[in-house]
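Report on the following structure.
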Amino acid sequence: MEMDRIELIAPCHFGMEAVLKREIGDLGYEISEVDNGKVTFIGDENAIARANINLRTTERILWKVGSFHAETFDELFEAVKALPWDFYIPQDGRFWVTKANSVNSKLFSPRDIQRIVKKAIVEQLKEHYPIEHFPETGADYPIRISILKDEVTLGLDTTGESLHKRGYRKFTAPAPLTETLASAILLLSPWKADRVLVDPFCGSGTIPIEAAMIARHMAPGLNRTFLSETWADPREGSESRVVQEAISMMRTAFMASKRSFAEERECAEKAVIREPMELSIAGYDIDDEVLRMARANAKLAGVEEDIHFQRRDVAYFSSPKKYGFVITNPPYGERLSDKDEMAELYRTIGERIAEDDTWSWFILSGYEEAENKIRKKATKNRKIYNGMMKTYLYQYMGQKPPRKPK
């Protein structure tokens, strides 16, 4: 096993794989596979830390342990047992299968898959550690398994609590948009920090806050910790001769990984733009209490000076500025139960779009009649799964601003 070349899996919202792929490429890593809801890439010993701290659009980073074809539980057990779990999990490690997904596969029971995989890992570890019963009193090593068309992939969760939890959103409005999806929409759009940005349904402020963080080059994971920071050398304390020969190399590699978290945090901290910026980012809502939450969250994120929050109905949305962006997640059923009220809301949005063709609108909605009620065909729409809910990102592109003279 080479620590200078490891394979990592980054899950994401279905429909946002291209954005995540670009993010990973910008970090300098080679993409090995792009699939529905995930991007796999090749990293070095710093990649676990760098990806966890810097990627905005993934939910977590999984260290890929192995993949294989399995159609029966016997095949699953033997293939899992053949993987080098002793490389990853120390003698006192607490390990379990935290999630098992199966799609279009002969093995489909999550509970049975979890049980078989755990048993196989225990049997493999018994062959390398001189004990029969594992205390599981040490650090956590949660394992995730996905099966798609009988192809099994196992990964060790290096993140812990999902990466959408940046640490700033202590106050939440109903039906919040995750930070990772908000960032993905922003990065998918052509918006840049020198352009106006408004979210007229800002809720707890996620889209404006993520935009300000992007503008200031604030790494999303800068102010939180990650599960893999607690991991130790997995071979520590073993009496096996073969294991003892590997201890020196393994300790060096894992300590390098620990150092990389500190180094990557230092690099991320240096990249933040701290001086005043002329940003034009606004968040509107009709609920004063929700706006109070948004302001508190922006303060926790360190971007309260960059965002103008205001009580304003979308019906009165207007701006003297040109070539701006509206990027928003309006209600689409969860917060407004009256169908007539929903239809009126989207008709109003359509009227605001029609008023100024220099503005671009990006609207994430699960309301099936959205485009019909807006009364304008979207320039483009993209299917995105917000959790288990199918939504569409309707993109209404405005005029491009004139080129600035060189």
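Note that the structure is predicted; figures quoted are calculated from it, not measured.
Side-chain contact between I209 and I207 is absent, with no heavy-atom pair separated by less than 4.5 Å. Counting heavy atoms from C-beta outward, L125 and I131 have side chains that stay 4.5 Å or more apart. Using a 4.5 Å cut-off on side-chain heavy atoms (C-beta onward), V80 and W85 make contact. Residues L345 and F201 are in side-chain contact: their nearest non-hydrogen atoms beyond the backbone lie under 4.5 Å apart. Here the side chains of I214 and L187 are in contact, with some heavy-atom distance below 4.5 Å. With contacts defined as side-chain heavy-atom distances shorter than 4.5 Å, the pair D86/Y129 qualifies. Using a 4.5 Å cut-off on side-chain heavy atoms (C-beta onward), P190 and F362 make contact. Side-chain contact between Y284 and V314 is absent, with no heavy atoms from C-beta onward closer than 4.5 Å.
For the pair R295 and E304, the salt-bridge criterion is not met [side-chain N within less than 4.0 Å of a carboxylate O]. Taking 4.0 Å as the cut-off between side-chain N and carboxylate O, K118 and E136 count as a salt-bridged pair. Salt bridge R265/E229: present, at least one basic N to carboxylate O contact under 4.0 Å.
For the side-chain contact (heavy atoms from CB on, under 4.5 Å) test with F325, the passing option among I281, L197, D199 is L197; the others fail. Checking F95, Y141, W231, W63 one by one against Y88, the ring-ring contact (aromatic ring centres under 6.0 Å, His included) holds for a single residue, W63.
A donor atom on one side chain and an acceptor atom on the other are found under 3.5 Å apart for S280 and K321.
Note that the CD atom of Q114 and the NZ atom of K99 stand 10.5 Å from one another [nearest 0.5 Å]. In this structure, OG on S67 lies 12.0 Å from CG on L148, to the nearest 0.5 angstrom. Note: T98 OG1 to I143 CD1 = 9.5 Å, rounded to the nearest 0.5 Å. Annotation: the span from Y29 atom OH to L8 atom CG amounts to 8.5 Å, rounded to 0.5 Å. The CG atom of L156 sits 10.0 Å away from atom CG of L154, with the distance rounded to the nearest 0.5 Å. How far OH of Y367 is from OG1 of T391: 15.5 Å, rounded to the nearest 0.5 Å.
Judged as a side chain to side chain donor-acceptor pair (under 3.5 Å), the pairs with a partner in residues 343-356 (not counting sequence neighbours) are, in order, K322-D356, E344-R347, Y346-S365, R352-E355, D356-T358. For residues 12-36, the set of pairs meeting the salt bridge (Lys or Arg N to Asp or Glu O under 4.0 Å) definition, not counting sequence neighbours, comprises R5-E30. For residues 207-223, every residue pair satisfying the side chain to side chain donor-acceptor pair (under 3.5 Å) rule, not counting sequence neighbours, is listed here: R166-E210, Y168-E210, S183-E210, R216-D306.
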Full working for side chain to side chain donor-acceptor pair (under 3.5 Å) between N381 and Q395
CA-CA 6 Å; N381 68 57; Q395 304 170 46; over 6 Å; no
Please step through side-chain contact (heavy atoms from CB on, under 4.5 Å) for the pair R56 and L186, ending with a clear verdict.
CA-CA 10 Å; R56 300 181 187 276; L186 286 160; over 6 Å; no
For S32 and E7, run side chain to side chain donor-acceptor pair (under 3.5 Å): C-alpha distance rounded to whole Å, both residues' side-chain angles, the deciding distance at 0.1 Å, then the answer.
CA-CA 8 Å; S32 57; E7 199 164 14; 3.1 Å; yes
For K81 and E123, run salt bridge (Lys or Arg N to Asp or Glu O under 4.0 Å): C-alpha distance rounded to whole Å, both residues' side-chain angles, the deciding distance at 0.1 Å, then the answer.
CA-CA 7 Å; K81 185 182 175 184; E123 292 305 311; 5.2 Å; no
For E179 and H164, what are the C-alpha separation, side-chain angles and deciding distance, and is it a side chain to side chain donor-acceptor pair (under 3.5 Å)?
CA-CA 5 Å; E179 294 87 331; H164 81 266; 4.5 Å; no
Take K383 and Y385 through the side-chain contact (heavy atoms from CB on, under 4.5 Å) test and state the conclusion after the steps.
CA-CA 7 Å; K383 187 194 301 182; Y385 279 88; 3.9 Å; yes
Derivation and outcome, side chain to side chain donor-acceptor pair (under 3.5 Å), residues K106 and T72:
CA-CA 7 Å; K106 293 180 177 63; T72 68; over 6 Å; no
Is there a side-chain contact (heavy atoms from CB on, under 4.5 Å) between H69 and V152? Walk through the geometry before answering.
CA-CA 6 Å; H69 185 90; V152 183; over 6 Å; no
side-chain contact (heavy atoms from CB on, under 4.5 Å) assessment of T180 paired with T58
CA-CA 6 Å; T180 48; T58 183; over 6 Å; no
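Between P330 and L364 the shortest heavy-atom distance is CD-O, 3.4 Å. Nearest heavy-atom pair, W191 versus A211, reported as atom, atom and distance to 0.1 Å: CH2-O, 3.5 Å. The two atoms that bring R169 and L177 nearest to each other are NH1-O, 2.6 Å, heavy atoms only. Residues A370 and Y394 approach most closely at CB-CE1, 3.7 Å, considering heavy atoms. For I307 against A298, the heavy-atom pair with the smallest separation is CD1-CB, 4.3 Å. When every heavy atom of S189 is checked against every heavy atom of I327, the shortest pair comes out as OG-CD1, 3.5 Å.
Between the side chain of T159 and the backbone N or O of S162, no donor-acceptor pair lies under 3.5 Å. In this structure, the side chain of D150 does not engage the main chain of S105 through any donor-acceptor pair within 3.5 Å. Side-chain N or O atoms of S102 include one that pairs as donor or acceptor with a backbone N or O of L107 at under 3.5 Å. Between the side chain of T230 and the backbone N or O of L227, at least one donor-acceptor pair lies under 3.5 Å. Although no hydrogens or angles enter the test, the distance criterion places no donor-acceptor pair under 3.5 Å between the side chain of T40 and the main chain of I9. Remark: side-chain polar atoms of D313 are not paired, donor with acceptor, to backbone N or O of Y316 under 3.5 angstrom. At least one donor-acceptor pair under 3.5 Å links the side chain of E75 to the backbone N or O of E71. Side-chain atoms of R144 do not come within 3.5 Å of backbone N or O of L62 as any donor-acceptor pair. Of the possible donor and acceptor atoms, none in the side chain of N101 sits under 3.5 Å from a partner among the backbone N and O of I147. A distance-only check finds a donor-acceptor pair linking the side chain of D287 to the backbone of V290 [under 3.5 Å].
In the displayed structure, L27 atom CG is contacted under 6.0 Å by more than 12 heavy atoms of other residues, nucleotides or ligands. The environment of E278 atom CD is sparse: at most 12 non-hydrogen atoms of other residues, nucleotides or ligands sit within 6.0 angstrom.
Aromatic ring centres of W361 and F317: separated by under 6.0 Å.
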